[in-house]
A.B. asks: 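Shown below is the structure under consideration.
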Amino acid sequence: MKANLNQKFRGFNGEELGEETMKIMIAKALFSGQGVGNSEDEKFAAYKLCNRLMNEKEDEMEFDKDERKIILSASCATLTPGAYGQIRELLNKGKE
């Protein structure tokens with residue numbers, strides 16, 4: 001599934017928040033490792049996905065089921081409910 005994470009979060013009133021994009025905040029969460037598990041494979045998968053997010057030049061990126069799960073876990077562990085909800089809606093468009 002494709003999603004554009006290269007956009008800013010919106011506050012409860014619909015206005016853009018801060019300077020950093022969803023993509024940057026997710027990459028920071030993945031890099032920190034919170035919510036991604038503690039096994040070697042889980043940590044390495046988070047590292048690879050972090051690098052992919054930071055190196056991708058296109059706005060829309062394709063994410064498989066496992067990548068979406070890692071992003072959602074890291075986002076849930078590190079972001080506010082409002083920010084997490086926006087990412088979840090983007091990644092699960094048409095699935096809920």
Side-chain angles (χ1 to χ4, degrees):
M1 141 174 264
K2 284 191 174 194
N4 178 4
L5 298 174
N6 199 24
Q7 54 187 302
K8 293 183 180 176
F9 289 105
R10 297 207 172 263
F12 67 92
N13 59 359
E15 293 182 16
E16 285 186 352
L17 296 173
E19 296 298 317
E20 295 184 327
T21 63
M22 292 178 182
K23 185 164 113 170
I24 298 295
M25 295 299 287
I26 293 167
K28 285 181 176 183
L30 292 169
F31 191 83
S32 77
Q34 290 181 310
V36 299
N38 206 30
S39 76
E40 293 175 5
D41 289 338
E42 291 167 321
K43 286 186 176 191
F44 191 59
Y47 166 78
K48 289 191 310 185
L49 185 53
C50 173
N51 283 338
R52 187 171 155 232
L53 284 168
M54 295 311 302
N55 292 317
E56 180 62 50
K57 302 299 180 214
E58 299 294 321
D59 286 342
E60 287 230 333
M61 294 178 65
E62 183 75 33
F63 299 103
D64 65 26
K65 179 180 155 187
D66 292 332
E67 290 171 328
R68 289 192 312 270
K69 183 178 177 185
I70 293 169
I71 289 170
L72 290 173
S73 293
S75 297
C76 184
T78 59
L79 301 175
T80 65
Y84 168 75
Q86 290 173 59
I87 292 169
R88 184 170 171 166
E89 286 180 342
L90 278 175
L91 293 179
N92 291 328
K93 209 172 267 186
K95 294 182 189 267
E96 293 185 348

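Computed from a predicted structure; not experimentally measured. Every heavy atom of this structure was used, including side-chain atoms; hydrogens, water molecules and symmetry mates were not.
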A.B. asks: Cluster question for you: counting only ILVMFWY and a side-chain heavy-atom cut-off of under 4.5 Å, with indirect links fine, are Ile24 and Leu17 together?
C.D. replies: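 No, no single cluster joins them.
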
A.B. asks: Less than 4.5 Å apart, side chain to side chain, heavy atoms only: is that true for Ile87 and Leu72?
C.D. replies: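 Yes, side chains in contact.
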
A.B. asks: Do you know which of Lys69, Arg68, Glu67 makes side-chain contact (heavy atoms from CB on, under 4.5 Å) with Lys65?
C.D. replies: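 Of the listed residues Lys69, Arg68, Glu67, the side-chain contact (heavy atoms from CB on, under 4.5 Å) partner of Lys65 is Arg68.
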
A.B. asks: If I take atom OH from residue Tyr47 and atom CZ from residue Arg52, how far apart are they, to the nearest 0.5 angstrom?
C.D. replies: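 Spacing of OH (Tyr47) from CZ (Arg52) equals 15.0 Å.
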
A.B. asks: Excluding sequence neighbours, so at least two apart, what forms side-chain contact (heavy atoms from CB on, under 4.5 Å) with Lys48?
C.D. replies: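 Lys48: side-chain contact (heavy atoms from CB on, under 4.5 Å) contacts with Phe44.
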
A.B. asks: Who are the side-chain contact (heavy atoms from CB on, under 4.5 Å) partners of Thr80, not counting sequence neighbours?
C.D. replies: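 Only Ala83 meet the side-chain contact (heavy atoms from CB on, under 4.5 Å) criterion with Thr80.
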
A.B. asks: Compare every heavy atom of Lys23 with every heavy atom of Leu53, then report the nearest pair and how far apart it is.
C.D. replies: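 Between these two residues, the closest heavy atoms are O-CE, 3.0 Å.
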
A.B. asks: Does any pair with a residue in residues 55-64 pass side-chain hydrogen bond (donor to acceptor under 3.5 Å, both in side chains), and if so which ones, sequence neighbours excluded?
C.D. replies: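 side-chain hydrogen bond (donor to acceptor under 3.5 Å, both in side chains) check on residues 55-64 returns Asn6-Asp59.
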
A.B. asks: Partners of Asp41 by side-chain contact (heavy atoms from CB on, under 4.5 Å), sequence neighbours excluded?
C.D. replies: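 By the side-chain contact (heavy atoms from CB on, under 4.5 Å) rule, Asp41 matches Ser39.
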
A.B. asks: Listed by chain and number, what are the side chain to side chain donor-acceptor pair (under 3.5 Å) partners of Lys43, not counting sequence neighbours?
C.D. replies: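 Per chain and number, Lys43 pairs via side chain to side chain donor-acceptor pair (under 3.5 Å) with Asn38.
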
A.B. asks: Applying salt bridge (charged side-chain N to carboxylate O under 4.0 Å, His left out) as the test, list every pair that has at least one member in residues 8-19; sequence neighbours left out.
C.D. replies: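 Listed once each, the pairs are Arg10-Glu16.
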
A.B. asks: Closest heavy-atom contact between Cys50 and Ala27?
C.D. replies: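 Reported closest heavy-atom pair: SG-O, 3.4 Å.
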
A.B. asks: Are the side chain of Ser32 and the backbone N or O of Ala29 linked by a donor-acceptor pair below 3.5 Å?
C.D. replies: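 Looks like yes, one N/O pair under 3.5 Å.
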
A.B. asks: Quick one: side chain to side chain donor-acceptor pair (under 3.5 Å) partners of Gln86, sequence neighbours excluded?
C.D. replies: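 Counting only residues at least two positions away or on another chain, Gln86 forms no side chain to side chain donor-acceptor pair (under 3.5 Å).
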
A.B. asks: Mind listing the closest non-hydrogen atom pair of Ala46 and Val36 along with its distance?
C.D. replies: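 Ala46 and Val36 have their closest heavy atoms at CB-CG1, 3.8 Å.
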
A.B. asks: According to side chain to side chain donor-acceptor pair (under 3.5 Å), who are the partners of Lys28, at least two apart in sequence or on a separate chain?
C.D. replies: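 Expected list: Glu20.
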
A.B. asks: Kindly write out the residues that satisfy side-chain contact (heavy atoms from CB on, under 4.5 Å) with Gln7, not counting sequence neighbours, or none if the list is empty.
C.D. replies: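 For Gln7 the side-chain contact (heavy atoms from CB on, under 4.5 Å) partners, ignoring immediate neighbours, are Asn4, Met22, Leu90.
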
A.B. asks: Over all heavy atoms of both residues, which pair between Ile26 and Ser75 is shortest? Give the atoms and the distance, please.
C.D. replies: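 For Ile26 versus Ser75, the nearest heavy atoms are CG1-OG, 3.9 Å.
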
A.B. asks: Enumerate the residue pairs fulfilling ring pair (Phe, Tyr, Trp, His ring centres under 6.0 Å) with a member in residues 7-39, sequence neighbours excluded, ordered by first and then second residue.
C.D. replies: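 Qualifying pairs, neighbours excluded: none.
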
A.B. asks: Within this structure, what is the CD1-CZ distance for the pair Ile71 and Phe63, rounded to the nearest 0.5 Å?
C.D. replies: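 Reported to 0.5 Å precision, the distance equals 4.5 Å.
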
A.B. asks: Given side chains that start at C-beta, do those of Met25 and Thr78 come closer than 4.5 Å, heavy atoms only?
C.D. replies: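 A side-chain contact is absent here, since even the closest heavy-atom pair is not under 4.5 Å.
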
